[in-house]
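Below you'll find the structure, written out as structure tokens, and then a few comments.
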There are 2 protein chains.
Amino acid sequence: MTTRRDAVHDTLRQSEGFRSAQDVYAEMRQHGAKIGLTTVYRALQALADGGHVDVLRTDDGESVYRACETGEHHHHLVCRRCGRTVEVAGPAVERWAETVGTEHGFTEITHTVEVFGTCSSCSRTPRPA
Amino acid sequence: MTTRRDAVHDTLRQSEGFRSAQDVYAEMRQHGAKIGLTTVYRALQALADGGHVDVLRTDDGESVYRACETGEHHHHLVCRRCGRTVEVAGPAVERWAETVGTEHGFTEITHTVEVFGTCSSCSRTPRPA
DNA sequence: TGCAAAATGAAAATGGTTGTCAAAGTCGAC
DNA sequence: GTCGACTTTGACAACCATTTTCATTTTGCA
């Protein structure tokens, strides 16, 4: 039975950027969904395990999720103001990580790369505080 | 008065890899230091703010700290088994992040890049579980 | 239809981190 | 050397995202 999981997935898909589990939960409830917080967490985890959504950690340690368009390995360019996210590929980075790891005798190399910035529409609006 | 902060910094310096606040606290107590957990957190934060130590988040959301050898911008190659860490520079990555951000109209670009792998000595020992 | 296995969710537990606040330490002025 | 303002400390409580527990509901399937 995956109806709940699909509901979570759908909610995520409607979002431009990364959303926290609590966000997703709040939004689903707002839209009248009868779902528990526990289930949202479980669904999110399952989706992440299955590679259907990407996860990353905010600076304050919260996990945030996003339904990405491609199943391929990619990275994110995230607006630090509005959260809008662009998926980007970076073959150069992949190679670099691999090389750097190998040079130091490391194997089974993985990497995390995220790019943050202020997107064009946000940089037009006055700065907060 | 920075004796406590220095003590924390020293403890960190004696470590090969990233250590959590709780780790540092435990170790300091073990060595007979009279210090409170709160103070360790505060010292770590102050050091991080001042750029004297690097911070990153583990997969389970814990903040881990490391006294790095250089104040320059750099990244880390971390052994996922033993935690040993090598500081690496990646001019190519810096440029790539900048380019990718700019191409999409983003400004004030920053990035996080960490590389994980299994170091040579760990890959010689049998795998856990 | 019946029933065992899986899913659900409310509430409690967990655990890293932060806030509170009174006690202790620091330092300059006298 | 002593007094008092200011800072630092740390025990403890508060926070809060996440996980666990466990009783109930739902589902899959014979």
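A quick note: this is a predicted structure, and the numbers were derived from the prediction, not measured. Throughout, protein chains are lettered first and strands after them, A, B, ... in sequence-line order, and every chain is numbered starting at 1.
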Polar-atom pairs under 3.5 Å, protein N or O versus N or O of nucleotides 19-23 of chain D: list them with distances, or write none.
{"unit_1": "D:dT19", "atom_1": "OP1", "unit_2": "A:Gln45", "atom_2": "NE2", "d": "3.3"}
{"unit_1": "D:dT19", "atom_1": "OP2", "unit_2": "A:Gln45", "atom_2": "NE2", "d": "3.0"}

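Using a 4.0 Å cutoff on non-hydrogen atoms, the parts of residues 20-35 of chain A near DNA chain C are A:Lys34, A:Ile35, ordered by number.
Using a 3.5 Å distance cut-off with no hydrogens or angles, the side chains of A:Glu94 and A:His111 do pair a donor with an acceptor. B:Ser121 and B:Arg84 share a side-chain donor-acceptor pair at under 3.5 Å.
For B:Arg29 (side chain) and B:Ile35 (main-chain N/O), a donor-acceptor pair under 3.5 Å exists by modelled atom type.
Between A:Arg5 atom CZ and C:dA6 atom P the separation is 14 Å, expressed in whole Å. Rounded to whole Å, the distance from CG on B:Asp60 to C1' on C:dG16 is 10 Å. Going from atom CZ of B:Arg4 over to atom C1' of C:dA24 covers 11 Å, rounded to whole Å. Taking atom CG on A:Leu44 and atom P on D:dT18, their separation rounds to 9 Å, with Å as the unit. Rounded to whole Å, atom C1' of C:dG16 lies 7 Å from atom CD of B:Glu62.
Connection of B:Phe116 to B:Leu77 is not established within any shared hydrophobic cluster, with ILVMFWY side chains joined at heavy-atom distances below 4.5 Å, either directly or through further cluster members. Note: the hydrophobic cluster containing B:Leu44 also contains B:Val55 (ILVMFWY, side chain heavy atoms under 4.5 Å, direct or indirect links).
Salt-bridge formation is not detected for the pair A:Arg57/A:Glu114: no Lys NZ or Arg NE/NH1/NH2 atom is positioned less than 4.0 Å from an Asp or Glu carboxylate oxygen.
Counting heavy-atom neighbours within 6.0 Å of A:Asp10 CG, excluding the residue itself, gives a total above 12.
Within the 4.5 Å cutoff, side-chain heavy atoms of B:Arg80 are placed close to those of A:Glu108.
Of the two residues near DNA chain C, B:Val64 and A:Val40, the one whose nearest nucleotide lies more 5' is A:Val40.
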